[in-house]
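Comments concern the structure below.
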There are 2 protein chains.
Amino acid sequence: MVAENQSTVFVVDDDSSVRKSLIGLIESVRLQAKAFASAQEFLDSYSPSEAGCLILDVRMPGMSGLELQERLGELGIDIPIIMLTGHGDVAMAVRAMHRGAIDFIEKPFNDQLLLDRVQTALTQDLEHRAKRSRAAQTEILMGKLTPREKQVLDLIVAGRPNKTIASELGISYKTVEAHRAHIMHKLNAENIAGLIRLSLSA
Amino acid sequence: MVAENQSTVFVVDDDSSVRKSLIGLIESVRLQAKAFASAQEFLDSYSPSEAGCLILDVRMPGMSGLELQERLGELGIDIPIIMLTGHGDVAMAVRAMHRGAIDFIEKPFNDQLLLDRVQTALTQDLEHRAKRSRAAQTEILMGKLTPREKQVLDLIVAGRPNKTIASELGISYKTVEAHRAHIMHKLNAENIAGLIRLSLSA
DNA sequence: TAGGTTATACGCACTACCGCCTATTTTTCA
DNA sequence: TGAAAAATAGGCGGTAGTGCGTATAACCTA
């Protein structure tokens with residue numbers, strides 16, 4: 001596994017000493033880390049294709065950690081977030097968790113605990129990425145179908161025989177067979193079982 | 001909708017004045033409420049078939065709210081929990097949320113906010129119940145299959161034709177057809193599409 | 001030990017699906 | 001406006017699945 005395929009732990013904190021100590025901690029377990037001094041700096045540099053997780057200070061000048069979380073949500077960017085906070089605020093923690101933060105940790109934090117959460121976050125990110133990737137693949141395949149073919153596919157998945165599909169759509173049995181054959185080819189399905197699995201996963 | 005089919009809001013708090021005010025609040029929006037003075041009392045009386053959600057005080061003499069949450073987890077009881085706490089403790093809130101609490105609210109709480117969360121909890125519970133019920137139905141059907149039939153079913157879902165299944169299992173093509181017919185009847189499937197949908201949902 | 005269940009197997013007729021070919025009309029888009 | 005794509009439809013031959021009837025052997029249980 002080369003560096004490009006590795007997960008990165010993104011650290012966003014305005015306090016340079018915190019950044020340095022976090023980076024040191026993360027690299028001590030041979031993980032790749034990147035630090036940013038502000039939420040905006042992170043937003044400007046981050047590409048959703050980069051796998052990893054985000055360690056985020058709640059209170060920062062400019063855009064706060066919570067605002068960054070919200071912004072990422074709006075942008076449709078789903079990366080596991082571990083919130084770091086100096087002063088405990090239950091309501092804020094609950095809100096962040098509801099919005100999808102996977103953790104909310106108070107400073108000063110226990111190093112090992114943080115590393116454990118980072119591991120959990122990285123694992124979750126990889127799983128989500130794999131899932132999204134599969135969904136995207138399926139969607140690409142489905143996108144190749146014409147409207148008529150999608151219509152026929154729905155009826156096939158519903159278990160209707162070609163004869164019934166033909167009469168329901170007011171077309172010939174032969175045409176349904178033609179559509180069906182096209183669908184099978186376009187979706188790379190070897191048999192009906194594969195076709196249905198694909199449709200149901202979409 | 002008669003009372004038996006209604007969701008219930010279960011309140012567990014050792015403070016009788018809190019119990020009374022919560023019950024009053026809940027009943028004011030025509031929801032059904034039941035109060036308990038201790039976690040044990042709730043455990044002794046609650047049956048998982050009762051739909052609803054749980055409002056739980058974190059700090060109580062005897063079993064705490066968090067301990068009750070854990071106990072319910074061990075018992076495999078999945079009911080949405082709203083934690084109530086007097087003193088904010090971020091770590092505790094995060095732990096409770098990780099264990100599946102859907103909310104963690106500090107006293108004194110805003111009435112409307114709590115009612116909103118209760119509504120969310122009740123909705124989630126109904127959804128989960130519907131999902132579990134479907135899963136249970138499927139499992140009952142699957143349980144009717146003999147080991148051999150399950151084996152054949154797996155191969156059918158994998159898309160193998162009967163001929164292949166026969167040679168893979170070292171039995172006759174005709175026997176596979178017989179198993180297949182039995183499977184279709186036992187699972188109430190009208191066609192292969194339905195069969196695969198059922199298998200994949202299990 | 002009798003009776004039910006399970007697993008096995010065959011025949012026959014019918015229905016459904018699959019692949020490959022050709023062909024016409026309509027639609028879409030560059 | 002002309003080429004490409006989509007939708008339509010038919011033929012032919014082969015493969016696969018379905019329904020119904022029949023039958024035997026093994027096993028478990030009452």
Side-chain angles (χ1 to χ4, degrees), chain A residues 133-202, chain B residues 133-202:
Chain A
S133 164
R134 280 194 298 274
Q137 284 304 110
T138 302
E139 217 171 297
I140 288 172
L141 289 178
M142 289 293 183
K144 290 180 180 169
L145 298 182
T146 66
R148 194 54 150 177
E149 286 166 351
K150 282 178 190 164
Q151 224 174 347
V152 173
L153 174 58
D154 285 344
L155 293 168
I156 292 173
V157 172
R160 306 274 208 302
N162 286 353
K163 204 204 289 182
T164 312
I165 296 174
S167 74
E168 277 189 49
L169 296 181
I171 56 180
S172 148
Y173 171 78
K174 272 293 163 181
T175 308
V176 176
E177 281 188 331
H179 285 312
R180 190 173 184 130
H182 288 151
I183 292 167
M184 297 292 274
H185 283 132
K186 286 186 179 178
L187 300 188
N188 282 322
E190 306 221 328
N191 45 54
I192 328 104
L195 193 69
I196 293 171
R197 271 201 305 276
L198 204 68
S199 310
L200 294 183
S201 78
Chain B
S133 164
R134 281 193 298 275
Q137 285 304 111
T138 302
E139 216 172 300
I140 288 172
L141 288 178
M142 289 293 180
K144 290 180 181 168
L145 299 182
T146 66
R148 195 55 150 176
E149 285 165 352
K150 282 179 189 163
Q151 227 174 346
V152 173
L153 174 59
D154 285 343
L155 293 168
I156 291 173
V157 173
R160 306 273 207 303
N162 286 354
K163 204 204 286 183
T164 312
I165 297 174
S167 74
E168 278 189 49
L169 297 182
I171 56 179
S172 146
Y173 171 79
K174 273 292 160 183
T175 307
V176 176
E177 280 187 333
H179 285 313
R180 190 175 184 129
H182 287 149
I183 292 167
M184 296 294 274
H185 283 131
K186 286 186 179 177
L187 299 187
N188 281 322
E190 306 221 327
N191 45 54
I192 327 103
L195 192 68
I196 293 171
R197 271 201 306 277
L198 204 68
S199 310
L200 294 183
S201 77

### Task
Would you indicate whether the side-chain heavy atoms of A:V176 and A:L155 approach each other to under 4.5 Å?
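Result no, sub-4.5 Å side-chain heavy-atom pair not found.
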
### Task
Determine whether A:L145 and A:L187 make a side-chain contact, defined as any pair of heavy atoms from C-beta on separated by less than 4.5 Å.
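Yes; the side chains approach each other to less than 4.5 Å.
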
### Task
Measure the CZ-CG distance between B:R160 and B:D154 for me, rounded to the nearest 0.5 Å.
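Answer for the CZ-CG pair, B:R160 versus B:D154, is 10.0 Å.
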
Spacing of [X] atom [atom1] relative to [N] atom [atom2], expressed in whole Å:
{"X": "A:Y173", "N": "D:dC12", "atom1": "OH", "atom2": "P", "answer": "15 Å"}
{"X": "B:K174", "N": "D:dT24", "atom1": "NZ", "atom2": "P", "answer": "17 Å"}
{"X": "B:M184", "N": "D:dG19", "atom1": "CE", "atom2": "P", "answer": "7 Å"}
{"X": "B:K163", "N": "D:dG17", "atom1": "NZ", "atom2": "C1'", "answer": "13 Å"}
{"X": "A:I192", "N": "D:dG17", "atom1": "CD1", "atom2": "P", "answer": "7 Å"}
{"X": "A:R180", "N": "D:dT8", "atom1": "CZ", "atom2": "P", "answer": "16 Å"}
{"X": "A:R148", "N": "D:dA7", "atom1": "CZ", "atom2": "C1'", "answer": "8 Å"}
{"X": "A:H182", "N": "D:dA5", "atom1": "NE2", "atom2": "C1'", "answer": "10 Å"}

Do the side-chain N or O atoms of [X] get closer than 4.0 angstrom to the phosphate oxygens (OP1, OP2) of [N]?
{"X": "A:T175", "N": "D:dA7", "result": "no"}
{"X": "A:H179", "N": "D:dT8", "result": "yes"}
{"X": "B:N162", "N": "D:dG17", "result": "yes"}

### Task
Please find the earliest and latest nucleotides of DNA chain C, in the 5' to 3' direction, that have an atom within less than 4.0 Å of any heavy atom of chain A.
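Nucleotide range in contact with chain A: C:dA16 to C:dG19.
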
### Message
A quick test of your reading: do over 12 heavy atoms of other residues, nucleotides or ligands sit less than 6.0 Å from NZ of A:K150?
### Response
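Counting neighbours around NZ of A:K150, more than 12 heavy atoms of other residues, nucleotides or ligands fall under 6.0 Å, so yes.
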
### Message
Set out, in order, the CA-CA distance, both residues' side-chain angles and the distance that settles side-chain contact (heavy atoms from CB on, under 4.5 Å) for A:I165 and A:H179, then state yes or no.
### Response
CA-CA 11 Å; A:I165 296 174; A:H179 285 312; over 6 Å; no

### Message
Can a side-chain donor-acceptor contact be found between A:Q137 and A:R134 if the only test is distance below 3.5 angstrom?
### Response
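No, no side-chain donor-acceptor contact under 3.5 Å.
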
### 5′-ward residue of the pair B:K186/A:R160 relative to DNA chain C
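Checking each residue's closest nucleotide, the 5'-ward one belongs to B:K186.
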
### Given DNA chain D, 5'-ward residue of the pair A:L169 and A:E177, judged by closest heavy atom
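Nearer the 5' end of the strand: A:L169.
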
### Query
Salt bridge check: are A:E177 and A:K174 linked by an N-O gap of less than 4.0 Å?
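Salt bridge present between A:E177 and A:K174.
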
